[in-house]
**Q** 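Sending over a structure as structure tokens; questions will come in a sec.
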Amino acid sequence: MPRRRAVRLSLAAAAAILVLALAATAVGTVLVVREPLPQVAGRVEVPGLGAGVTVSRDERGVPFIEADTSGDLFRAQGYVHAQDRFFEMDYRRHVTAGRLSELVGENPDALEADAVIRTLGWRRVAEQEWELLQPETRENLQAYADGVNAYLDQRDRSALAVEYSILDVRLDLADPEPWTPVDSLAWLKAMAWDLKANYADELARGMAFETIGDVARVDELFPAYPQEVNLPILQASSVQPTAAAQQATTVDLSSSHLQEALASAERALSSVPNLLGEGDGIGSNSWVVSGTHTVSGLPVLANDPHLGISAPGIWTQIGLHCRERSVECPYDVSGFSFAGLPGVVIGHNGALAWGLTNLGADVTDFFLERVSDGTALLDGERVPLSTRREVIKVNGGDDVEITVRSTKHGPIVSDVLDIDALGDVPVPEGSPYGRYEVALGWAALTPGRTADAVFALAQASDADDVAAAAAMFEVPSQNIVYATTDGHIGYQAPGRIPVRADVVDSVLPSDGSWPRPGWDSAYDWQGWVPAEQMPAVQDPAEGFVVAANQAVTPAGAGPYLTSDWDYGFRAQRIRSVLEEQIRSGEQIDVATTRSLQADVDNPYARVLLPALLAVDVPDSFDDDGQDLLRTWDMRSDADSAAAAYFASVWSNLLELTFWDDLPEGYEPTGGARWLEVVRRLLETPDGSWWDDRSTVGVVEGRDEILTRALVAARRELTADLGKDPSDWRWGKVHTAAPEHDVLGSPALPAPVRRLVNPTPREVGGGAALVNATAWDAGSGSFGVTAAPAMRMVVDLADLDSSAWVTMTGASGHPGSVHYADQLTPWAEGRLFPWPFSADAIDEAASDVLELEPGR
């Protein structure tokens, strides 16, 4: 799928004015930048608290909160999140409500994002979820909001974040609105959107048909999961029945008007800003090892979610501790949270640790609709569309009004940006007249109880508790690995997964991998997979569980979840290392687990190297690169010349093999799917994919394309890194460069970018490696596009011996020493001590702030 457009905000002029104003005095710069830094020591009154709350911060500014009641605990968390990251929270809620134009003013990208998110109705769904939640969850969300608002009431806008000072130069900003519980719930929709998995592949299949023209040939670019090479998470599961088979209808994917509808839908959905990240690199590693194979005799659990890179980083670390656990205050939990959402999303309590990775279940479908005069065709009848009016307010500009139209399958997304782009097209004889449009069916548009699951996991102590929480963890669908302090390990798959009918004799697969005809109810969803049928295991015989986005069960086993898994190369590497450690008798601990998280063994090299070394590169200059590969250890370390060369070879190989066959904008990104495609193609040296259709009268084979890729890479790196291969280094071109969502754009003045964007770091790793610093092979850049946004290792024998790190730092203020103080250790693969017990927290405390009840 094409690269998603980033929302680039037109703030260059405003920022330039600010820079000129501040250049007159260094004192002015310091005041503007440092004014928002919060008070972190001493005493401060917080209205609404029932009793005093202690906030201890360690030397990296990470807060640990101690309170007597749940209400005080989450009220304090809201206060602390607002202290550290309110602008990030405010930006997120503007995005999730489709109100970004109110914050940043007239900007085409922001307006398009607002239009699409209003069409999807993220906040409308969040509002409906409020009434579904348990009373305790609503109380926690309200207490959190009260804490945020207590902080807002104590500070002027300029004292909340430097970003407001910059935006104020050009825009007439109002003071931030009070925080509401629905602001927190809407963030769950953003999570679900960025982690919804196969929708990009489904749309890409439909659009690739335009140039390839054959369903089977398109499917060669989306091969089945290679379970004979990379094992699923679970090795066995009961087979569940599918919905009853129904007769197929006909879909003409070659229709130019249908292709225009798909292209228009793609343009619209690509306008949504990435709050967690998108693309091939989005995923995660997690694994848990039983005490049978550990030094301590109790489990060790690891997790590192692979998300987009931003400044500040996506996660914020926190500890939430009741001084005495009771019905009024049952929480004693620490881990990673999202600013704007109360609780801990990933972490551990005193009895259980859990990690999350994206399950990748297919929870979206594109329904092709035949629309005419406000109706959609369904089973030969005309059914009225539902419509609603949305008004987008633009700071400094005129309001923009849009009409959202929906079918029974979901909102129509092909008309959001330009409804005039689609024309009426004929339909089969005897059917009413209409035009093709595209509606999005998405499980997250059905209100659910994921917020309940967040608090349930924080209190879980055993497998039954995890299963109960998973039944509420509806979107986004995540793999849960867990371990307990009494020695159990396990896996649980949650999620709201659509059941699809098995449509017989269908030209297109009816499993959700291709767009489906919305005018035929045989293709409608048949309900949801029951929670009790979702795959799970406790204490597997092999003594460990690896969940790293690979297939969950063998093909045909368990409920149907998707056909579009990550292809399992990371997962298999983790599994192989663990198996070898166990076979050799090596006992696993926190240190060995941290080392595995930083593993840079390259699966691409293991697949490709034999073929690359077998071809002849006749020119001695061009052969210099191939010489690097002859002695390469197949590790993508930051200082490796061979790793840099191999990455260039891979990028060129994909271009030479596939660019001539695919629609413009669909250049291969080079992730695990493309590795599996190429792995299979290597077995057919004269296969048609190797032929370059741009050359007339010549039919290329595999070895010709491999040779061209080797030569092109030698010349590319000569231009970029120098003539002498010994000067090459993977880290020189493969850098992690977190960028501020609003002020980090290259369009802004350098002083502003230097303020908000941390200095890029050279890193090893790569796409589909365990150290998953992904890059986009079709972009012309080797820069990191997604990476482990945090890493954690939990020792269930001694929770105070656990370790953690986040990508940037605890603070969202560019003027804070904690804005990016974890970035270098993160880049080097280091983790920090993670205190949990009261004594460990006291010992680690650098600053202590006492929150006292106030009026």
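By convention here, the first residue in the shown sequence is residue 1. Because the structure is predicted, anything quoted here is derived from the model rather than measured.
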**Q** Could you grab the distance from atom CZ of Arg92 to atom CZ of Arg85, nearest 0.5 Å is fine?
**A** 7.5 Å
**Q** Before giving the answer on side-chain hydrogen bond (donor to acceptor under 3.5 Å, both in side chains), spell out for Tyr491 and Asn479 the whole-Å C-alpha distance, their side-chain angles and the decisive distance to 0.1 Å.
**A** CA-CA 7 Å; Tyr491 166 84; Asn479 298 303; 2.5 Å; yes
**Q** Side chains of Glu850 and Thr54: any donor to acceptor distance under 3.5 Å?
**A** yes
**Q** Quick check on the 6.0 Å ring-centre criterion: do His81 and Tyr144 meet it?
**A** yes
**Q** Decide yes or no on side-chain contact (heavy atoms from CB on, under 4.5 Å) for Asn771 and Gln597, but give the supporting numbers first.
**A** CA-CA 6 Å; Asn771 187 9; Gln597 285 183 325; over 6 Å; no
**Q** For side-chain hydrogen bond (donor to acceptor under 3.5 Å, both in side chains), just list the numbers for Tyr164 and Asp90, CA-CA rounded to whole Å, side-chain angles, deciding distance to a tenth of an Å, and then say yes or no.
**A** CA-CA 11 Å; Tyr164 292 118; Asp90 200 20; 2.5 Å; yes
**Q** With a 4.5 Å limit on heavy-atom distance, are the side chains of Arg57 and Ser846 in contact?
**A** no
**Q** Considering non-hydrogen atoms only, spot the tightest contact between Pro273 and Val95 and give its length.
**A** CG-CG1, 4.1 Å
**Q** For Pro299 and Ala483, which heavy atoms make the closest approach, and how far apart are they?
**A** CB-CB, 3.6 Å
**Q** Are the side chain of Ser837 and the backbone of Ala840 linked by a donor-acceptor contact shorter than 3.5 Å?
**A**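 Here the side-chain-to-backbone pair exists.
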**Q** Less than 4.5 Å apart, side chain to side chain, heavy atoms only: is that true for Phe87 and Leu743?
**A** no
**Q** Counting only heavy atoms not in Glu852, do more than 12 fall under 6.0 Å of its CD?
**A** yes
**Q** Can we say Arg93 and Asp183 salt-bridge, meaning some charged N sits less than 4.0 Å from an Asp/Glu carboxylate O?
**A** yes
**Q** Would you say that Val44 contacts Leu849 through its side chain, given a criterion of any heavy-atom pair below 4.5 Å between the two side chains?
**A** yes
**Q** Output all residues satisfying side-chain contact (heavy atoms from CB on, under 4.5 Å) with Val300, sequence neighbours left out; order by chain, then residue number.
**A**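 Counting only residues at least two positions away or on another chain, Val300 forms a side-chain contact (heavy atoms from CB on, under 4.5 Å) with Thr294, Thr593, Val793.
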**Q** Between atom CG of Leu167 and atom CZ of Arg157, what is the distance when rounded to the nearest 0.5 Å?
**A** 9.5 Å
**Q** Check ring-ring contact (aromatic ring centres under 6.0 Å, His included) between Phe832 and all other residues, then give those that pass, not counting sequence neighbours.
**A**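 If we apply the ring-ring contact (aromatic ring centres under 6.0 Å, His included) test to Phe832, skipping adjacent residues, there are no hits.
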**Q** What is the distance from atom CG of Asp68 to atom CZ of Arg323, rounded to the nearest 0.5 Å?
**A** 4.5 Å
**Q** Sort out for me which residue in Ile346, Val794, Val481 forms a side-chain contact (heavy atoms from CB on, under 4.5 Å) with Asn303.
**A** Ile346
**Q** Kindly indicate, with the supporting measurements, whether the criterion side-chain contact (heavy atoms from CB on, under 4.5 Å) is fulfilled by Thr357 and Asn285.
**A** CA-CA 6 Å; Thr357 67; Asn285 297 327; 5.8 Å; no
**Q** Show the nearest heavy-atom pair for residues Asp800 and Pro835, with the distance to one decimal.
**A** OD1-C, 3.7 Å
**Q** What verdict does the side-chain contact (heavy atoms from CB on, under 4.5 Å) test give for Leu831 and Met792, after you've listed the backbone C-alpha separation in whole Å, the side-chain angles of each residue and the deciding distance to 0.1 Å?
**A** CA-CA 8 Å; Leu831 280 73; Met792 75 174 196; 5.6 Å; no
**Q** Check the side chains of Arg761 and Thr824 for a donor-acceptor pair under 3.5 angstrom, ignoring hydrogens and angles.
**A**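 Yes.
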**Q** Would you confirm whether Ser337, through its side chain, and Gln317, through its main-chain N or O, come within 3.5 Å as a donor-acceptor pair?
**A**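 A pair under 3.5 Å: no.
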**Q** How long is the span from the CG atom in Leu185 to the CZ atom in Arg449, to the nearest 0.5 Å?
**A**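 Leu185 atom CG to Arg449 atom CZ measures 13.0 Å (nearest 0.5 Å).
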**Q** Where do Asn549 and Ser284 come nearest, in terms of heavy atoms and distance?
**A**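 Answer, listing the atom of Asn549 first, then Ser284: OD1-N, 2.7 Å.
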**Q** Do Val784 and Val763 have side chains that approach each other closer than 4.5 Å (heavy atoms only, starting at C-beta)?
**A**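 Yes, side chains in contact.
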**Q** Is Trp354 close to Val345 at the side-chain level, that is, under 4.5 Å between some pair of heavy atoms?
**A** no
**Q** Is the backbone of Ala444 close enough, under 3.5 Å, to the side chain of Lys189 for a donor and an acceptor to pair up by distance?
**A** yes
**Q** Let me see the working for Glu136 and Asn140 under side-chain hydrogen bond (donor to acceptor under 3.5 Å, both in side chains), right down to the final yes or no.
**A** CA-CA 6 Å; Glu136 294 83 358; Asn140 293 343; over 6 Å; no
**Q** Determine yes or no for a side-chain-to-main-chain donor-acceptor pair under 3.5 angstrom, with Arg496 supplying the side chain and Ser477 the backbone.
**A**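 No, the answer is negative, given that no donor and acceptor are paired below the 3.5 Å cut-off.
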**Q** Measure centre to centre between the rings of Phe64 and Phe836, then say whether the value is under 6.0 Å.
**A**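 Not close enough - the centres of the two rings lie 6.0 Å or further apart.
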**Q** When you compare the side chain of Gln478 with that of Asn358, does any pair of heavy atoms fall below 4.5 Å?
**A**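 Yes. Closest side-chain heavy atoms under 4.5 Å.
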**Q** Would Arg325 and Asp332 pass as an ion pair if we require N to O under 4.0 Å?
**A**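 No, Arg325 and Asp332 are not salt-bridged.
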**Q** Hey, is the main chain of Thr806 close enough, under 3.5 Å, to the side chain of Gln822 for a donor-acceptor pair?
**A** yes
**Q** Distance check, rounded to the nearest 0.5 Å: Ser816 atom OG versus His818 atom NE2?
**A**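 Ser816 OG to His818 NE2: 5.5 Å, rounded to 0.5 Å.
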**Q** Taking only residues two or more places apart in sequence, or in another chain, which ones meet Trp834 in a ring-ring contact (aromatic ring centres under 6.0 Å, His included)?
**A**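 Per chain and number, Trp834 pairs via ring-ring contact (aromatic ring centres under 6.0 Å, His included) with His348, Trp804.
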**Q** Please confirm whether the backbone N or O of Ser811 pairs with a side-chain atom of Asp84, one donor and one acceptor, at under 3.5 Å?
**A** no
**Q** Let me see the working for Glu102 and Arg99 under side-chain contact (heavy atoms from CB on, under 4.5 Å), right down to the final yes or no.
**A** CA-CA 6 Å; Glu102 292 182 33; Arg99 296 174 56 193; 2.8 Å; yes
**Q** Is a donor on one side and an acceptor on the other found under 3.5 Å between the side chain of Asp58 and the backbone of Gly61?
**A**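 Checked: pair present.
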**Q** At their closest point, which heavy atom of Pro342 faces which heavy atom of Gln77, and how far apart are they?
**A**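 Scanning both residues, the minimum pair turns out to be CA-OE1, 3.4 Å.
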**Q** At what distance, to the nearest 0.5 angstrom, does CH2 of Trp122 lie from CG of Leu188?
**A** 11.5 Å
**Q** Quick one: does Ser802's side chain have a donor or acceptor within less than 3.5 Å of a partner on Asp795's backbone?
**A** yes
**Q** Indicate the atoms forming the closest heavy-atom contact of Tyr482 with Val288, along with that distance.
**A**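 Reported closest heavy-atom pair: O-CG2, 3.8 Å.
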**Q** Between Arg60 and Asp821, is there a salt bridge with N-O shorter than 4.0 Å?
**A**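 No.
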**Q** Less than 4.5 Å apart, any side-chain heavy atom of Ser310 and any of Glu739?
**A**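 Contact flag for Ser310/Glu739 side chains = no.
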**Q** Using the side-chain hydrogen bond (donor to acceptor under 3.5 Å, both in side chains) rule, take Gln83 and Tyr151 through it: C-alpha gap first, then chi angles, then the decisive distance, then the call.
**A** CA-CA 7 Å; Gln83 278 188 309; Tyr151 187 71; 5.3 Å; no
**Q** Hey, are the side chains of Phe473 and Leu457 touching, using non-hydrogen atoms and a 4.5 Å cut-off?
**A** yes
**Q** Are Phe74 and Phe455, when compared by the centres of their aromatic rings, separated by less than 6.0 Å?
**A** yes
**Q** Sub-3.5 Å donor-acceptor pair from the side chain of Asp72 to the main-chain atoms of Leu49, do we have one?
**A** no
**Q** Tell me if a side-chain donor or acceptor on Gln128 pairs with a main-chain N or O of Leu132 at a distance below 3.5 Å.
**A**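 Judged by distance alone, no pair lies under 3.5 Å.
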**Q** Ser158 and Asp156: side-chain donor and acceptor closer than 3.5 Å?
**A**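 No.
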